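Numbering of ligands and ligand atoms starts at 1, following listing order. Bear in mind the structure is a predicted one, so any value in this text is a computation, not a measurement.
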Amino acid sequence: MVEWTDFERATIQDIFAKMDYDTVGPAALCRCLIVYPWTRRYFGKVGNIYNAPAILSNPMVAAHGRVVLHGLDRALKNMDNIKDTYAELSRLHSEKLHVDPDNFRLLADCLTIVVAARMGAAFTGDVQAAFQKFLAVVVSSLGMQYH
Ligand code: HNI
C-alpha cells in the first residue's frame, strides 16, 4: 500500500482540479505518438497518424487522449487503492489490446512534460516529485495484470 503525505495528496488533487482535460489529454497522447513512434502501432483504427502534423490534427487521437486522462480520475478518487481500481483496465490493456506495459511509463512522462510546460515556475521539484509518484503508482498498477 502506498503512503501519501498531506502535501502529495493536496498537490495531486490541485493539479487535476486545475487541469484542462480537453487540451492536456490530447497534447500528452500526441507527444507520446510523435516522440515514441512505435506506440502508434496500437492505434490502427484512428486513421492517419503518419507524421506529427497528422497526429496533431487527428480528432480520434484527441478523443482518445481525453479518454486516457479521464481514466486517471479513477486513480485520483481512489488514491489509497489504485492497484485494485485498475485491475480491469490492466487486464484490458494486457489481454485485449496487447499494449506493451513499458509504454505506460512513456505516456506518463509525456503527461508530466505537458503539465510542467503549462504550470511553469509552479512546477517545483516537490510538485514534480508528487505528480510523478502518482503516475508511477498508476503505471505500476496498470502493469499488474500482465503475466
Ligand atoms: Ni489506454 C483504451 C486508459 C496508456 C492504448 N486506455 C483505454 C481506455 C482507458 C485507457 C480509460 C478506455 C477503456 C475502455 O474502453 O473501457 N491508457 C489508459 C491510461 C493509460 C493508458 C490511464 C496510462 C497512463 N493506452 C495507454 C498506452 C497505450 C494505450 C501507453 C498505447 C501505447 N488504450 C490504448 C488503446 C485503447 C485504450 C489502443 C483502446 C482504444 C479503442 O477505443 O479501441
Undergrad: What protein heavy atom sits nearest atom 38 (C) of ligand 1, and how far away is it?
TA: Tyr42 O, 3.3 Å
Undergrad: Any ring pair (Phe, Tyr, Trp, His ring centres under 6.0 Å) pairs touching residues 82-110, not counting sequence neighbours?
TA: His93-Phe104
Undergrad: Relative to the ring of Phe16, is the ring of Tyr21 parallel (under 30°), tilted (30 to 60°) or perpendicular (over 60°)?
TA: tilted
Undergrad: Hey, mind stepping through Thr112 and Asp109 against side chain to side chain donor-acceptor pair (under 3.5 Å) and telling me if it holds?
TA: CA-CA 5 Å; Thr112 301; Asp109 286 351; 4.9 Å; no
Undergrad: May I ask which of Arg74, His98, Lys96 has a heavy atom nearer to atom 11 (C) of ligand 1 than the others do?
TA: Arg74
Undergrad: Does the protein put a heavy atom under 4.0 Å from atom 42 (O) of ligand 1?
TA: no
Undergrad: Got the closest protein heavy atom to atom 5 (C) of ligand 1, with its distance?
TA: Phe43 CZ, 3.6 Å
Undergrad: Do Arg40 and Ile55 have side chains that get closer than 4.5 Å, going by heavy atoms?
TA: yes
Undergrad: Give the other cluster members for Tyr50, using side-chain heavy-atom distances under 4.5 Å between Ile, Leu, Val, Met, Phe, Trp and Tyr residues; answer none if it is isolated.
TA: none
Undergrad: Please identify which of these residues, Asp100, Asp102, Leu106, meets the side chain to side chain contact (heavy atoms under 4.5 Å, CB included) condition with Trp38.
TA: Leu106
Undergrad: If only side-chain N and O atoms count, and only distance matters, is there a donor-acceptor pair under 3.5 Å linking Asp14 with Thr11?
TA: no
Undergrad: What's the separation between atom CZ in Arg105 and atom CG in Leu135, rounded to the nearest 0.5 Å?
TA: 10.0 Å
Undergrad: Anything protein N/O/S under 2.8 Å from atom 1 (Ni) of ligand 1? Just list residue and atom, please.
TA: His93 NE2
Undergrad: Sequence neighbours excluded, which residues qualify as side chain to side chain contact (heavy atoms under 4.5 Å, CB included) partners of Asp126?
TA: Phe7, Thr124
Undergrad: Any protein heavy atom under 4.0 Å from atom 28 (C) of ligand 1?
TA: yes
Undergrad: Who's the nearest protein heavy-atom neighbour of atom 30 (C) of ligand 1, and how far?
TA: Asn103 O, 3.4 Å
Undergrad: Test of understanding: given a 4.0 Å heavy-atom threshold, classify the contact between Leu142 and ligand 1 as side chain, backbone, both, or neither.
TA: side chain
Undergrad: Does atom 33 (N) of ligand 1 have any protein heavy atom closer than 4.0 Å?
TA: yes
Undergrad: Met79 and Val2: side-chain contact (heavy atoms from CB on, under 4.5 Å), yes or no, with the steps?
TA: CA-CA 8 Å; Met79 281 185 62; Val2 182; over 6 Å; no
Undergrad: Enumerate the atoms of ligand 1 whose separation from the nearest heavy atom of Lys45 is less than 4.0 angstrom.
TA: 43 (O)
